[in-house]
Amino acid sequence: VLSAVARNVAALGAEVRDGWAALGPQLVAGAATPVGGNATEAVDNLYASLVTAVQIVVDQKLLIPLGESIADAKPALAESARAGRSLKNIEINLTAMRAMVLGEDGGPGFAALLPGTAEGAAARKAVAKAFDDASAAIKAVPAPLDKAVAAPRQRKTVEAAFRAAKGVQTVLVQTLPPLIGVSLGFNELDGD
């Protein structure tokens, strides 16, 4: 059974890798893709997914366990609390989002759509700084997250991490979309 599960996970991973590799050329050609009927729709959908991901980090992975006060903290609701991976998961999320925005391994990210103006350069710098600040703030939280939200001194580091992640969200929702021509609509978390 374990071998069958491992083979299935490997096959799914290969399909995802190959799908992403094929997506770039399809977008450049303006062809229909699995994420949109044309390049504009696909970019809008991918960007909406990015905004949803940052919203999950801010609202669900940090704010929910943090609560509004130490008395309102919900340490048991921290993601992967039993495994002690809450902070590592957030760090991985931020790294993936950064790659999606700024590119990785020579590949372009959404920042490649920024205009070649001073405003575009300033936006790229602001995005990089927001991600750097958030990553540093997450790394500064004494692990594990579920303990840190309920400990007075450590809680301050979680609050700082929340503010830094919120800074990433602000840049992704307010700064980049008008500069790269992305239209933000509703996302999966907006409710009915």
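Only a predicted model underlies this, so the values are computations on that prediction, with no experimental measurement involved. Position 1 is the first residue of the sequence, and the numbers go up from there.
Closest non-hydrogen pair, Leu102 versus Arg124, comes out as O-NH2, 3.7 Å. Residue Thr40 comes nearest to Asn38 through the heavy atom pair N-OD1, 3.1 Å, listed as atom of the first residue, atom of the second, then distance. The shortest non-hydrogen separation linking Ala137 to Ala160 is CB-O, 4.1 Å. For the residue pair Pro75 and Ala150, the shortest heavy atom distance occurs at CG-CB, 4.3 Å.
By the 4.5 Å heavy-atom criterion applied to side chains, Val127 and Thr175 are not counted as neighbours. Here the side chains of Pro152 and Ile70 are in contact, with some heavy-atom distance below 4.5 Å. Leu87 is not listed as a side-chain neighbour of Lys139, based on a closest heavy-atom distance of 4.5 Å or more. Between Leu94 and Ile90, the closest side-chain pair of non-hydrogen atoms falls below 4.5 Å. Residues Val168 and Val58 fail the side-chain proximity criterion, which asks for heavy atoms closer than 4.5 Å. By the 4.5 Å heavy-atom criterion applied to side chains, Met100 and Leu46 are counted as neighbours. When side chains are defined from C-beta on, Val158 counts as touching Leu145, because their heavy atoms get closer than 4.5 Å. Side-chain contact between Leu172 and Val101: present, with at least one pair of heavy atoms (C-beta onward) separated by less than 4.5 Å.
Thr33 places a side-chain N or O within donor-acceptor distance of the main-chain N or O of Gly36, the cut-off being under 3.5 Å. A donor-acceptor pair under 3.5 Å is absent between the side-chain atoms of Asn8 and the main chain of Ala4, judged by distance alone. In this structure, Lys74 contributes its side chain and Asp72 its backbone to a donor-acceptor pair below 3.5 Å. Side-chain atoms of Gln55 never come within 3.5 Å of backbone atoms of Val51 as a donor-acceptor pair (strictly under, hydrogens ignored). Listed for the Asn45 side chain is a donor-acceptor partner under 3.5 Å among the backbone atoms of Val35. Checked by atom type and distance alone, the side chain of Arg155 never pairs as donor or acceptor with a backbone atom of Ala148 at under 3.5 Å. Listed for the Ser135 side chain is no donor-acceptor partner under 3.5 Å among the backbone atoms of Phe131. With Asp44 contributing its side chain and Ser183 its backbone, the two residues share a donor-acceptor pair below 3.5 Å. With Ser86 contributing its side chain and Glu79 its backbone, the two residues share a donor-acceptor pair below 3.5 Å.
Side-chain heavy atoms closer than 4.5 Å link hydrophobic residues (I, L, V, M, F, W, Y) into clusters, and following such links, possibly through other members, connects Leu184 to Leu114. Both Val57 and Val173 are assigned to one and the same hydrophobic cluster, defined by single-linkage of ILVMFWY side chains at heavy-atom distances under 4.5 Å.
Salt bridge status for Asp132 with Arg98: present, with a side-chain N to carboxylate O gap under 4.0 Å.
Under the side-chain contact (heavy atoms from CB on, under 4.5 Å) rule, Leu113 has a single partner from Ile180, Leu176, Leu179, which is Ile180.
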side-chain contact (heavy atoms from CB on, under 4.5 Å) evaluation trace for Leu12 with Arg17: CA-CA 9 Å; Leu12 289 172; Arg17 180 199 61 225; over 6 Å; no

side-chain contact (heavy atoms from CB on, under 4.5 Å) assessment of Leu50 paired with Met97: CA-CA 7 Å; Leu50 174 68; Met97 285 184 261; 3.6 Å; yes

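Around CD of Glu41, the count of heavy atoms belonging to other residues, nucleotides or ligands within 6.0 Å exceeds 12.
Remark: Asn89 CG to Ile138 CD1 distance equals 11.0 Å, nearest 0.5 Å. Asp59 contributes atom CG, which lies 7.0 Å from atom CZ of Phe162 (distance to the nearest 0.5 angstrom). Summarising the geometry, atom CZ belonging to Arg7 is positioned 10.5 Å from atom CG belonging to Leu2; distances are rounded to the nearest 0.5 Å.
Counting only N and O atoms by type, the side chains of Asn93 and Lys61 include a donor and acceptor under 3.5 Å apart.
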